[in-house]
Amino acid sequence: MSAAAALDNGRAREFDFQPADHRAIAALVYEEVGILLPEGKAQLIYGRIAPRVRACGLSSFADYVAFIGRDGEERGRAVDALTTNHTSFFRENHHFEDFVDRIWPGLVDKLNKGGRVRLWSAACSSGEEPYSWLMAAFGADRSLAQRLLKADLRMLATDVSPSVLEKARTGRYSKETMRTVPAGLRSAWTKGEGDDLIVDPILRDAIAFKPLNLLGDWPIKGRFDTIFCRNVMIYFDEPTKEKLLGRLADRLEVGGMLYIGHSERLLGAVTGKFRPIGRTAYQKVSA
Ligand SMILES: C[S@@+](CC[C@H](N)C(=O)[O-])C[C@H]1O[C@@H](n2cnc3c(N)ncnc32)[C@H](O)[C@@H]1O
């Protein structure tokens with residue numbers, strides 16, 4: 001082992017961590033959730049898994065690799081620890097603006113005429129994305145929200161990580177985390193509790209937060225009017241991205257919008273089904 005490989009941020013590593021352990025963990029994570037953890041991610045793996053090695057009372061990564069081979073729950077915890085959940089309220093706000101200007105008026109019209117509207121935040125992390133989306137759509141208008149939520153409007157928000165979903169369901173965030181929520185929306189949709197802000201139950205109850213692996217089965221019926229699937233494909237290889245994009249396209253209504261992350265792009269056969277509108281925003285134009 002090189003001297004550098006034996007260091008954890010400059011300190012001697014607490015646990016033995018060999019390239020073979022890295023390869024075994026990376027293979028398992030790729031297999032389960034499609035996330036790539038190449039050689040350059042050794043420190044990330046060490047930093048996130050060392051607390052699990054400690055919690056399991058083991059003394060090396062090799063022991064931990066053997067343990068997760070036979071313990072499904074701990075394997076789930078390892079995968080959860082290796083997801084990157086960075087997000088923020090109103091991240092890439094141009095998508096919310098685009099949705100509100102271009103798509104939402106037609107969807108409100110549809111709801112007013114008794115139609116159904118389905119929205120999906122795929123890979124929602126700790127909930128900032130779906131809450132931002134609903135706040136943007138309703139503005140500060142509670143009575144509009146209450147009226148439309150009594151109609152056939154549903155928002156699904158999914159992620160593979162159980163720990164972020166748990167956080168999302170609480171709707172509780174620090175004031176610092178909520179700093180990027182426009183002031184008018186913050187006062188309309190949150191109330192203070194200690195150092196935190198709590199999202200209004202009207203919005204919390206409007207969102208179905210569910211575990212879902214984008215690589216697995218999707219127990220979802222019907223099509224969506226808009227899908228946000230942002231900043232998750234960056235962790236996948238090209239065949240996984242292409243397959244996922246095809247499945248997302250199948251789940252969208254013609255005319256529906258797909259929003260992806262700022263460094264992501266459409267690829268493969270699915271490209272022909274969409275027309276690009278603005279930055280990383282695509283409208284489905286053919287079935
Ligand atoms: C960087 S966050 C993006 C959150 C949000 N969409 C945004 O743009 O701010 C990526 C999320 O994708 C989730 N993720 C990674 N692999 C996944 C998979 N195979 N299925 C579902 N979610 C996955 C992670 O748990 C993480 O919460």
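When a ligand or atom number is given, it counts from 1 through the structure's own listing order. Values below: every heavy atom of this structure, side chains too, minus hydrogens, waters and symmetry copies. Just so it is clear, the model here is predicted, and its values are computed rather than measured.
In summary, the aromatic rings of Phe89 and Tyr173 are positioned with their centroids under 6.0 Å apart.
Evaluation of the salt bridge (Lys or Arg N to Asp or Glu O under 4.0 Å) rule for Arg154 yields Asp152 as partners, not counting sequence neighbours.
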For ligand 1, run through the N/O pairs with the protein that fall under 3.5 Å and put one pair on each line.
from	atom 1	to	atom 2	distance (Å)
ligand 1	6 (N)	Ala123	O	2.8
ligand 1	6 (N)	Glu129	OE1	2.9
ligand 1	6 (N)	Arg230	O	2.9
ligand 1	8 (O)	Arg91	NH1	3.2
ligand 1	8 (O)	Arg230	O	3.3
ligand 1	8 (O)	Asn231	ND2	2.8
ligand 1	9 (O)	Thr87	OG1	2.6
ligand 1	9 (O)	Arg91	NH1	2.8
ligand 1	19 (N)	Val33	O	2.9
ligand 1	19 (N)	Asn213	OD1	2.9
ligand 1	20 (N)	Leu214	N	2.8
ligand 1	22 (N)	Val160	N	3.4
ligand 1	25 (O)	Asn85	ND2	3.2
ligand 1	25 (O)	Asp159	OD1	2.6
ligand 1	27 (O)	Asn85	ND2	3.0
ligand 1	27 (O)	Asp159	OD1	3.4
ligand 1	27 (O)	Asp159	OD2	2.7

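Taking both residues in full, the closest heavy atoms of Pro211 and Arg169 are given as CD-NH2, 4.2 Å, listed atom of the first, atom of the second, then distance.
Salt bridge annotation for Arg265-Glu238: present, with a cationic side-chain nitrogen under 4.0 angstrom from a carboxylate oxygen.
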Solution key, residues 107-114 side-chain donor-acceptor pairs under 3.5 Å, sequence neighbours excluded:
from	atom 1	to	atom 2	distance (Å)
Asp109	OD2	Lys113	NZ	3.0
Lys110	NZ	Arg116	O	3.2
Lys110	NZ	Asp225	OD1	2.6
Asn112	OD1	Arg147	NH1	2.8
Asn112	ND2	Val108	O	3.4

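Applying the ring-ring contact (aromatic ring centres under 6.0 Å, His included) test to residues at least two apart or on different chains, the pairs with a partner in residues 193-218 are Trp120-Trp218, Tyr131-Phe209.
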